[in-house]
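Numbering of ligands and ligand atoms starts at 1, following listing order.
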Amino acid sequence: MRDSDETGGGPAVPFEFFSRDGTPLRGFSRPGPGEALVLVHGVAMDRRIWAESGFLDTVPDARVIALDLRGRGESGRVGTAEGHAVDRYVEDVRAVLDGFGLARYSLFGTYFGGRIALRVAGVDARVARAFSFCAHAERVEIPDEAVEEEAVAVEGPGGHTYLREHFTGRGAPPWMIDACSRVDPAELGAATRGLRYGSEQQTERGRPDQELVLITAEGDPDMAPFHAGERRLGARLWLLPAPTRVRAAAHLADAGHRVAKTLAAGGTGPGVV
Ligand SMILES: COC(=O)C[C@@H](NC(=O)[C@@H](NC(=O)[C@@H](/N=C1/NCC(=O)N2CC[C@@H](C)[C@H]2C(=O)N[C@@H](CCSC)C(=O)N[C@H]1C(C)(C)C)C(C)(C)C)[C@@H](C)c1ccccc1)c1nccs1
């Protein structure tokens, strides 16, 4: 099935691979002459966000590979919090890298997808660059009660309304709000509880020549962990003209334009300011 509107016009080829634990992973790949760019969505999202946010149109030369993480989109359902541990997501992404069999990839992830991308970069030498949109690499405290409360809210019959109202209230763009209602509430609850299995850990650099880019809103009230990433990991920091991380989502395509320039210039080095 070639679903051209899914990839902003180019012919998309569906793929299916199996994660280490047997979970089927589905997504699309869109041909391109340039770098292989693997796209990793966030918790309440799926692979359709890349076309719907306009990001896909900003990287016409990249060879794009976009998966649905387990429990989302057309990938296999999980149902348990343990099955949504961060290391399962790392295995999901690595299974897709194995499936395409290339020696070198760039990764780009949104929110928790960015955290997953950084974690894959830390353990997989095939990752030449990792871009994390609005998620940093430092250790976080996961407040069990708040996360449990959020899991109860998102998994219930009102889960989609809860997310839509919460994100609308924080100025999220339509593509992000629409994505929430595509996610199975039971998987949303499991994925939320799954954040208690490893997502708090900081990530390390995987190779000395790996290029790491952290992206956040210039108005982000909590810049410290992003600056920590600059110091600790030698990451570059890109800032978007937005007051918060949620509102930065409206600028995802702008980040895509910078990614395209970076990939064309062959690095994130001084050539691209
Ligand atoms: C500052 O936070 C924001 O700017 C929103 C932003 N979040 C994050 O960047 C990161 N997270 C958080 O900082 C916090 N984590 C939460 N719960 C975990 C969590 O994230 N979710 C569980 C449900 C799922 C929809 C997702 C989520 O989106 N919930 C939002 C609330 C919006 S709807 C209810 C949400 O943050 N809630 C918080 C509560 C504590 C309020 C429950 C801590 C505890 C990790 C610090 C997230 C990338 C991450 C980073 C590292 C490890 C795990 C997760 C967004 N991410 C996606 C879109 S906006």
Can you tell me the protein heavy atom closest to [atom] and the distance?
atom: atom 2 (O) of ligand 1; result: Arg245 NH1, 4.5 Å
atom: atom 29 (N) of ligand 1; result: Glu150 OE2, 3.1 Å
atom: atom 46 (C) of ligand 1; result: Glu141 O, 4.4 Å

Looking at Asp178 and Arg48, does any basic side-chain N land under 4.0 Å from a carboxylate oxygen? no

Taking 4.0 angstrom as the limit, do Arg88 and Glu91 come out as a salt bridge? yes

Under 4.0 angstrom from ligand 1, any heavy atom of [X]?
X: Gly42; result: no
X: Val154; result: no
X: Met176; result: yes

Which part of Glu200 is near ligand 1, with near meaning a heavy atom under 4.0 Å away: side chain, backbone, both or neither? neither

Heavy-atom contacts with [X] under 4.0 Å: which atoms of ligand 1 show up? List them by number with element.
X: Tyr162; result: 34 (C)
X: Pro143; result: 44 (C)
X: Val43; result: 24 (C)
X: Ser199; result: 52 (C), 53 (C)
X: Val246; result: 59 (S)

Give a yes or no on whether the ring-centroid distance for Tyr105 and Phe100 is below 6.0 angstrom. no

Can you confirm if the aromatic rings of Tyr111 and Phe133 lie within a centre distance of less than 6.0 Å? yes

So is His166 polar-close to ligand 1, meaning N/O to N/O under 3.5 Å? no

Mind telling me whether Tyr89 and Phe112 have parallel, tilted or perpendicular rings, with 30° and 60° as the class edges? perpendicular

